[in-house]
Structures are given as structure tokens and as C-alpha cells.
Amino acid sequence: MSKNYKIAVVNGDGIGEEIVPAGISVIEAVAKKYGFTISKENFSWGAGHYLKHGEFMPENGIETLKSFDAIYFGAVGLPEVDDTLPAKDYTFKVRTDLEQYVNYRPVKLFAGIESPLRDKTENDIDFVIIRENNEGEFVQNGKILYPDTPNGVAVDTSMVTRLGVERIAHYAFKLARKRRKKLTNVTKSNTLIYSLGFWDHVMEEVSKEYPDVAYSKMYVDNASASFVLRPEVFDVIVTTNMIGDILSDLGGAIMGSLGLGGSGNINPENNYPSMFEPIHGSAPDIAGQNIANPIGQIWSAAIMLEHLGEIEAANDIMKGINATTAKGDLTKDLKGSATTTEIAQSVIDSILTLEKANAIG
Ligand SMILES: NC(=O)c1ccc[n+]([C@@H]2O[C@H](COP(=O)([O-])OP(=O)(O)OC[C@H]3O[C@@H](n4cnc5c(N)ncnc54)[C@H](O)[C@@H]3O)[C@@H](O)[C@H]2O)c1
């Protein structure tokens with residue numbers, strides 16, 4: 001009997017309405033090729049839902065998601081809705097409540113795309129950012145008092161736990177073992193001496209269990225410069241929630257466009273479904289025109305299928321993306337003129353011309 005996966009589909013807002021269906025069309029093509037099926041259910045959650053119903057998702061939304069094998073998500077947020085809500089009421093909520101403590105964000109230069117980094121090639125830009133996804137700077141633990149008075153005061157408290165650092169460290173070291181065996185811990189522990197000092201201390205302890213992985217520490221200011229000047233030094237990066245958030249946009253930029261980056265919010269133990277989404281937001285400035293780059297969303301589909309165990313299908317998607325960019329099928333953000341739907345179709349066409357991975361070994 002063929003395998004069936006239950007996927008919760010959350011387009012979200014803005015370009016999510018265009019790139020998620022584009023990604024689904026690729027998933028369906030590859031599923032047909034490899035003989036598995038997808039049962040999808042669409043949820044119209046996000047800022048648009050908030051405008052109509054006063055909430056980003058229904059109260060039982062998290063419970064509803066628990067019955068799925070994975071969540072395929074676009075992005076949430078609209079200019080007319082308070083922008084403190086999308087993370088609090090949807091993205092962070094799902095990531096935290098479903099213990100998706102790993103944010104897996106690969107950075108890679110595809111064939112045919114010119115990086116803004118002069119002289120850097122596909123061999124130089126190929127690394128993964130592992131961002132801690134449940135705690136750190138983004139726990140939203142704080143207070144504002146008397147904001148409109150001379151006594152105004154605001155506090156945000158970061159949270160770092162031993163369990164939180166140990167689990168992300170093990171994930172990152174194991175991933176490095178499967179790649180080029182190099183892990184860079186990016187922090188700012190020379191100034192955030194308590195929270196990130198403790199992070200480094202635990203990271204160092206865990207590193208002893210992986211003597212085969214070359215472990216080093218780098219401060220985020222140096223790491224930012226190194227992304228631009230010498231990206232080839234990175235293989236796997238492990239970092240905190242906020243540093244990972246910022247560095248992954250820089251990663252998107254050196255790939256050539258923010259629209260290219262895919263990601264997974266992963267619960268490695270599979271106690272809950274994981275959620276797969278591009279690294280960018282809902283891009284309201286270009287929504288509704290069929291010009292958004294769907295590659296980050298399509299790449300997220302590959303990461304999702306890999307997580308579900310459909311390795312060959314995931315590899316096919318990656319080859320399909322590479323073939324598409326290599327032949328110059330590019331959207332406007334990459335100085336091309338292809339539409340969102342044309343890029344998805346081009347990826348599908350490439351996948352269908354590839355031989356089945358298992359047939360060619
Ligand atoms: N995970 C999420 O749901 C998430 C993440 C980031 C931002 N947001 C929300 O998205 C909204 C817009 O935020 P922003 O403007 O800061 O960031 P953004 O990532 O949406 O857009 C930044 C710039 O990149 C461009 N861009 C992004 N994705 C693209 C794509 N696929 N193809 C071509 N160009 C693309 C946009 O046009 C824009 O110029 C806000 O409401 C924000 O809160 C949501």
C-alpha cells in the first residue's frame with residue numbers, strides 16, 4: 001500500500017497565497033512520481049483571519065495541528081494588522097507549543113544565480129544555520145511600564161536553559177557529522193556574559209562527545225563579516241534564536257534573494273508535527289501579482305519530505321530547483337521575468353525529466 005501523509009496547509013497572508021499553492025503543485029508531482037500520496041487540509045489562518053475573526057487561529061488550532069504529519073506554511077502578517085501579533089499569535093506559538101526547537105535553515109548558491117558576493121561560487125556558499133527556536137531572546141518575557149511618561153521603562157528578558165542548549169547542540173553536532181564535520185557556535189558571549197556565557201559553557205561540554213567534529217566559537221559580529229567575505233569557512237552553524245533569525249536573512253541575501261531560502265521548524269523526536277516555511281515574510285509589497293519567487297517555499301517542501309523520510313523525492317526537488325535556475329528561469333527579484341507559477345512548472349518539468357533516483361542508484 002502506498003504511503004499517505006496528512007499535511008496541514010497554512011498559506012497565511014500576502015504572497016503565501018501564491019507560493020504555497022506553487023509548492024503544493026511540486027509536492028504533488030513528486031508524490032505521483034514516487035508513489036506516495038498527500039492528504040492536505042487548508043487552514044485560512046493568519047492576519048487576514050484576524051481581520052475577520054479577531055484571532056490568527058482558532059483556540060483549538062494547536063490541537064488541530066497535532067493530528068497532522070507535517071505543517072506546510074507560507075508566512076503571516078499584513079500592513080493593516082499590528083505587527084507584534086504574527087509572531088506571538090501564530091509563528092512562535094506553533095514553534096513553541098509543538099516543541100519545534102530546531103530551526104533548520106540551509107544556505108546554498110544554486111547554479112545560474114549570481115551571488116552579490118563577487119567571485120564566490122556554488123562551492124563557496126553551502127552551509128546550514130541551526131537556530132535555537134524555542135527560547136533565547138525571543139521568549140517574549142518582559143514588561144513596559146509608563147511608556148508615555150518620563151519614567152518609561154521597558155524590559156525583555158532572554159531565557160537560556162541547559163536542556164535547551166543541550167538538545168540544539170546535539171542536533172547540530174549530529175548534522176555536522178553527516179556533512180563536512182565542522183561546527184561553528186555563533187554567539188555574543190563576550191558582552192551577554194551570563195546568558196550566552198552559559199550557552200557557550202554547555203555547548204563546549206557537549207562538544208566533548210563529538211571529538212570527530214571540528215568545533216569552534218565565533219562572535220556574531222565576526223560571523224556577519226565572514227558571511228560576506230569568506231562564507232566557505234562555514235559548514236554547520238549553531239546559534240541562538242535572534243542571532244539565527246538575523247543571520248539567516250543575510251544567508252538569503254548572499255544566495256541572491258531572500259525569496260530563495262527554505263527552512264524547517266523541527267521537533268526531532270517527532271512527538272509533534274514539524275512546520276516547513278520559507279525564511280522570508282509575507283512580502284505585502286509584491287503580493288497578488290504572481291511575481292514572488294516560490295523557490296524558498298519549494299525548498300521547504302524538500303526539507304519537509306526529507307523529514308518525512310521521502311529522501312529521493314526531496315533530492316529530486318533540489319535537482320529540479322537547480323535545473324530551473326541553471327537554465328535561467330528566474331523571477332523578478334533575480335532580474336528575471338518568470339512568474340511564480342512558471343517557476344513551479346519549470347521545477348516540475350525538470351523533476352519529470354529526471355530518472356527515478358532509485359533507478360539510477
Ligand atoms: N514567518 C513569518 O510568517 C514571517 C517572517 C518574517 C516576516 N513576517 C511578516 O511579513 C510581513 C512583511 O515583513 P518584511 O517586509 O519585513 O519582510 P519580507 O520578508 O516579507 O519582505 C522583505 C523584502 O523581501 C522581498 N521578498 C520576500 N520574499 C520574497 C519572495 N519570495 N520573492 C521575491 N521577493 C521577496 C519583499 O518583497 C520585500 O521587499 C510583516 O508583517 C512581518 O511581520 C512574517
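From a predicted model like this one, the values you see are computed outputs, not experimental measurements. Numbering of ligands and ligand atoms starts at 1, following listing order.
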> Quick one: is the NZ or CZ of Lys6 closer than 6.0 Å to the six-membered ring centre of Phe68, and within 45° of its axis?
Replying inline: yes
>> Going by ring pair (Phe, Tyr, Trp, His ring centres under 6.0 Å), name the residues that satisfy it together with Phe110, two or more places apart in sequence or in a different chain.
In response: Trp299
>> If I apply the N/O under 3.5 Å rule, does Glu277 come out as touching ligand 1?
In response: yes
>> Among Ile7, Val9, Leu308, which residue satisfies the side-chain contact (heavy atoms from CB on, under 4.5 Å) criterion with Ile38?
In response: Ile7
> Which one holds for Thr331 and ligand 1: side chain close, backbone close, both close, or neither close, with close meaning a heavy atom under 4.0 Å?
Replying inline: neither
> Quick one: salt bridge (Lys or Arg N to Asp or Glu O under 4.0 Å) partners of Glu55, sequence neighbours excluded?
Replying inline: none
>> Please list, in number order, the atoms of ligand 1 under 4.0 Å from a heavy atom of Pro284.
In response: 12 (C)
>> As a test of the contact definition, would atom 43 (O) of ligand 1 count as having a protein heavy-atom neighbour under 4.0 Å?
In response: yes
>> Less than 3.5 Å apart, any donor N or O on the side chain of Asn267 or Tyr101 sitting next to an acceptor on the other?
In response: no
> Mind checking whether Ala283 has an N or O less than 3.5 Å away from an N or O of ligand 1?
Replying inline: yes
> How about Trp199 and Asn185: does a side-chain donor come under 3.5 Å of a side-chain acceptor?
Replying inline: yes
> Under 4.0 angstrom from atom 16 (O) of ligand 1, is there any protein heavy atom?
Replying inline: no
>> Among all protein heavy atoms in this structure, tell me which lies nearest to atom 11 (C) of ligand 1, with the distance rounded to 0.1 Å.
In response: Ser282 OG, 3.3 Å
> For Gly281 and ligand 1, does the shortest N/O to N/O distance drop below 3.5 Å?
Replying inline: yes
> Does Phe73 come within less than 4.0 Å of ligand 1, judged by its heavy atoms?
Replying inline: yes
